2 protein chains.
Amino acid sequence: MVATRPYADALARLRATKLRPTRQRLALAKLLFSGADRHVTAESLHKEARANRVRVSLATIYNTLHQFTRAGMLREVIVDSTRSYFDTNTSHHHHFFCEQSQLLEDIPSGAVSVGTLPPPPRGTSISRIDVVIRVHPR
Amino acid sequence: MVATRPYADALARLRATKLRPTRQRLALAKLLFSGADRHVTAESLHKEARANRVRVSLATIYNTLHQFTRAGMLREVIVDSTRSYFDTNTSHHHHFFCEQSQLLEDIPSGAVSVGTLPPPPRGTSISRIDVVIRVHPR
DNA sequence: CAATAGTTTAGAATCGTTCAAGAGAAAAAA
DNA sequence: TTTTTTCTCTTGAACGATTCTAAACTATTG
Ligand SMILES: [Mn+2]
Ligand SMILES: [Mn+2]
Ligand SMILES: [Zn+2]
Ligand SMILES: [Zn+2]
């Protein structure tokens, strides 16, 4: 049985922000948060919306992805210098990234331990540590 | 005293590849490898070339960065989903990346230890592990 | 309901990067 | 050296992902 809770949570958070629960946002939230955690690009989500007869412009897809990210419902993952990926799993974790399939796979935070860190550059503090393990078909 | 060896090494490697030592490639190699290790973007290198009265088209900058990368003289660093960075330090190491200044800073490989790794996705093997520590001005 | 503020949309614009084709330069052959 | 071949460089167009614009639309408020 697939989690339906995350979607309810997402709706609650939608309400908690100043974002109006519009037809488009609700439909996209449903697609994004009704099942297991996932990684999407603007284009992949747009395709999926169309496949589910949800009519949304690409501009709205971008707007929504950024708004959900600001609201803490999504997190951006940087693994490709030409495309942005968004992750429904906002907890601290890392990724496998297959350069060939362009697919991301989660690595639970506990499965990677980053040891002794050098101090960050003068005047800065750490906002986040990303570990990306690039893989290729054997 | 700034290292002049890396430049000589780069020239040697240029020769070792099938890349002809053209005026443009020599000039760019000199800019890239005459001093300490550094991180450049196509645009930043283009600006630097112009500032040094090296006339090179942007297309050649891109071609050269990719050719040097294929030749193992540079390595691409992925920290930004809109721009490509190239690193003259091709040894295994990690990075601090300041989202504000868009500047990279090296972290010696030894300064970070990545612990227990989960097995890569079925049918794939690890090609590289990247640790990016994002920082922001305090 | 009317007024207001926020949202969506199509299409144009932008930006980094790549492509295409012809002119130019280096290497190999003669 | 000259000729021929191969590779390289350049300009400008093309591209793909993303953002912007301004007008139409919708949710919220009073
Ligand atoms: Mn973005
Ligand atoms: Mn590239
Ligand atoms: Zn993830
Ligand atoms: Zn580096």
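Below, read A as the first sequence line, B as the second, and so on, with proteins coming before strands; counting in each chain starts at 1. Because only heavy atoms are used, hydrogens play no part in the values below, and waters and symmetry mates are left out as well, while side chains stay in. Bear in mind that the values here come from a model prediction, so they are computed numbers and not experimental data.
Other residues, nucleotides and ligands place no more than 12 heavy atoms under 6.0 Å from the CZ atom of B/R50.
Annotation: ring pair (Phe, Tyr, Trp, His ring centres under 6.0 Å) contacts of B/H92 (sequence neighbours excluded): B/H94. In this structure B/D106 satisfies the salt bridge (charged side-chain N to carboxylate O under 4.0 Å, His left out) test with no other residue, sequence neighbours excluded.
Classification of B/E99 and A/R128 as a salt-bridged pair fails, no side-chain N sitting under 4.0 Å from a carboxylate O.
Between the C1' atom of D/dT19 and the CG atom of A/L65 lies a distance of 14 Å, rounded to the nearest Å. The CZ-C1' distance, from B/R70 to D/dT8, rounds to 13 Å in whole Å. A/L26 places its CG atom 15 Å from the P atom of D/dT26, with the value rounded to the nearest Å. Rounded to an integer number of Å, the gap from CG of A/L19 to P of C/dT8 is 9 Å. Between A/K18 atom NZ and D/dT26 atom P there is a gap of 24 Å when expressed in whole angstrom units. Regarding A/L14, its CG atom lies at a distance of 14 Å from the P atom of D/dA27, rounded to whole Å. Atom CG of B/D80 and atom P of C/dT17 are 9 Å apart (whole Å). The interatomic distance linking A/R25 (CZ) with C/dT7 (C1') rounds to 6 Å, in whole Å.
Across B/F68 and B/R25, no two heavy atoms sit closer than the pair CZ-O, 3.8 Å.
In this structure, B/L58 reaches the bases: a heavy-atom distance under 4.0 Å links it to at least one base atom across the strands shown.
Residue B/H66 places at least one side-chain N or O under 4.0 Å from the OP1 or OP2 atom of C/dT18. Between A/R83 and D/dG16 there is no side-chain N or O to OP1 or OP2 distance below 4.0 Å. Listed pair B/Y62 / C/dT18 fails the phosphate criterion, with no side-chain N or O lying under 4.0 Å from OP1 or OP2. Within the structure, a side-chain polar atom (N or O) of A/T60 is placed less than 4.0 Å from OP1 or OP2 of C/dT9.
Across D/dT10, C/dT8, C/dT17, the shortest atom-to-atom separation from the side chain of A/Q24 is found for C/dT8. Side chain of A/S84, nearest nucleotide from C/dT17, D/dT18, C/dT8: D/dT18.
By the 4.5 Å heavy-atom criterion applied to side chains, B/H136 and B/C98 are not counted as neighbours.
When ring centroids are compared, B/Y62 and B/H46 stay outside the 6.0 Å threshold.
Position along DNA chain C of the nearest nucleotide to B/T41 versus A/R55 favours A/R55 as the more 5'-ward residue.
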**Item:** Protein-to-nucleotide contact annotation, 5' to 3' order, nucleotides 19-27 of chain C [B base; S sugar-phosphate only; - none; under 4.0 Å, heavy atom]
**Value:** B------BS
